[in-house]
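In what follows, a single structure is set out as structure tokens and then discussed.
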Amino acid sequence: LAAIKSATPGALTMEKVTDYKDASSYNNFYEFGTDKADPAQYAQALPTSPWQVEIEGLVKKPGRYALEDLLKLSAQEERIYRLRCVEGWSMVIPWLGYSLSALIRKVEPLGSAKYVEFVTLADPKTMPGVRSRVLDWPYVEGLRLDEAMHPLTLLAFGMYGEVLPKQSGAPLRLVVPWKYGFKSGKSIVKIRFTDKQPQTAWNKAAASEYGFYSNVNPAVDHPRWSQATERRIGEDGLFAKKRKTLLFNGYEAQVGQLYAGMDLKKFF
Amino acid sequence: MAIVVPTQRWAAAVNALCLHPWSKPLLFGLMLLPLCVLVGAAVFDQLGANPAQALVRSTGDWTLRALCLVLALTPLRVGLQLPALARWRRMLGLFVFFYASLHLLCYSWLDMGFELGDIARDIPKRPFILVGFAAFVLLCALALTSPHRVVRMMGGKHWRRLHQLVYAVAGLALLHFFWMRAGKNDVAEVWVYTAILGYLLGWRLVRAAKYMRKRPLAL
């Protein structure tokens with residue numbers, strides 16, 4: 001997948017990129033099972049072509065958009081983002097894609113649209129995890145419209161210079177680098193514009209543990225573990241000290257103004 | 001009656017095997033095997049992308065497995081008429097303590113970097129860690145009172161009372177595991193251990209009830 005270096009502020013961290021082997025073998029993608037190794041093992045059977053994304057709700061141009069058209073909608077950029085999982089580990093991943101805002105502008109949301117909902121494929125035939133009742137399928141995630149319009153919010157089609165491996169959410173996924181990883185929906189089949197805050201999958205499963213915003217925040221602990229530190233995958237072996245987690249995963253300069261005046265402990 | 005004779009003969013043969021002087025060293029080696037495999041995997045970088053977490057989880061899993069094994073001894077001993085199995089009880093019990101200690105060590109070292117202040121704050125703050133730690137404290141009491149000399153000093157009755165705490169350890173360990181998985185709604189494996197330990201504890205309850213019905217005055 002050909003791409004240019006991104007010029008978006010904050011889009012190219014200089015930190016050491018995680019090994020492709022780790023990034024493509026240690027995944028949370030519960031549609032394929034809850035073990036970290038399950039997605040790499042079971043996702044290969046997922047057909048990702050042809051693929052369509054349905055755009056619906058409060059927009060002027062709803063409809064089905066083919067993957068080929070989405071790929072060409074805007075120039076593919078390389079962006080190197082930190083990825084912080086809510087479980088307390090992190091990676092650094094070079095993604096390929098473009099700002100989601102390019103797609104949003106094209107479909108022209110109505111003035112009444114306040115939120116965007118992202119729906120992941122839920123096919124029990126090709127996704128063994130969907131047969132279990134770990135979550136209420138399909139997997140739904142959501143953003144406030146201004147969060148979705150932020151230039152760092154990425155619609156990704158590839159990583160490490162290649163198209164996305166299936167376990168990482170092929171053929172297209174969201175990457176919201178200042179939020180915990182689960183906010184970035186994978187293998188997206190539907191994008192819906194609404195005026196109400198979406199009911200997201202993890203929030204429905206455990207509202208006290210996973211809030212709608214889920215911004216990375218070292219000062220707001222998960223009820224069952226601290227979020228103050230994180231383990232960078234592949235960094236300095238088994239006995240390496242964990243590193244300190246940064247507010248908004250280190251993207252405070254870029255995204256802090258989105259949450260000006262908000263109580264981040266209440267809206268976690 | 002034709003069935004009983006070979007069964008008894010089989011039981012006698014197995015019993016003799018369990019009494020063999022090499023049976024204990026063999027069991028000892030088998031119980032150390034999981035640790036050897038984990039250390040080997042850690043040295044050769046075979047624990048996946050997050051080796052620290054793999055070690056914390058595996059040592060916890062092996063604690064639960066050893067607990068299932070030690071609690072299975074009495075039902076097996078009585079059900080299959082293998083009195084020699086009693087010889088293994090103390091060693092298997094100490095292996096529960098051993099893997100629990102490794103589990104706590106991995107958490108304190110790999111997860112918390114031996115920051116004692118952080119650990120002290122972490123334990124009361126998070127119920128699932130508090131529950132796990134409580135189970136470990138009980139296990140310490142059982143391990144400390146495991147030498148024959150201590151058993152004699154305490155007297156059989158008091159010692160047995162104290163060691164019934166292993167049932168509380170089983171309950172706390174299951175709660176610890178359940179709480180850890182509950183937030184991610186991923187509790188299938190927890191139910192497997194709950195079923196096994198539930199059966200082993202239920203068997204004891206049924207036996208105790210029968211015993212009391214026969215000898216009500218023994219209370």
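Just so it is clear, the values below take in all heavy atoms, side chains as well, and ignore hydrogens, waters and symmetry mates. Protein chains get the first letters and strands the later ones, always in sequence-line order, with residue 1 at the start of each.
Interface summary for chain A: among B/Ala42, B/Ala52, B/Gly48, B/Ala182, the most heavy-atom pairs under 4.5 angstrom belong to B/Ala52. No other option in B/Asp118, B/Asp122, B/Leu110, B/Val187 has as many heavy-atom pairs under 4.5 Å with chain A as B/Leu110. Among the candidates B/Asp186, B/Ile129, B/Asp45, B/Asn50, the residue making the largest number of heavy-atom pairs closer than 4.5 Å to chain A is B/Asn50. Note: A/Asp22 leads A/Thr229, A/Leu135, A/Asp22 in heavy-atom pairs under 4.5 Å with chain B. For the options B/Glu115, B/Arg126, B/Gln53, heavy-atom pairs under 4.5 Å to chain A are most numerous at B/Arg126.
Proximity to chain B is limited to the side chain of A/Asp221, based on heavy atoms less than 4.5 angstrom apart. Contact of B/Leu47 with chain A is not made at all, since no heavy-atom distance falls under 4.5 Å. Both the backbone and the side chain of B/Asp111 have a heavy atom closer than 4.5 Å to some heavy atom of chain A.
Taking 4.5 Å as the limit, some side-chain heavy atom of A/Tyr115 sits within range of a side-chain heavy atom of A/Phe212.
Relative orientation of the B/Tyr99 and B/Trp62 rings is tilted, given thresholds of 30° and 60° on the angle between their planes.
Between A/Trp202 and A/Tyr210, the gap from one ring centroid to the other is short of 6.0 Å. A centroid separation of less than 6.0 Å is found between the aromatic rings of A/Tyr259 and A/Phe248. Aromatic ring centres of A/Tyr30 and A/Tyr139: separated by at least 6.0 Å. Aromatic pair B/Tyr107/B/Phe136: centroids not less than 6.0 angstrom apart.
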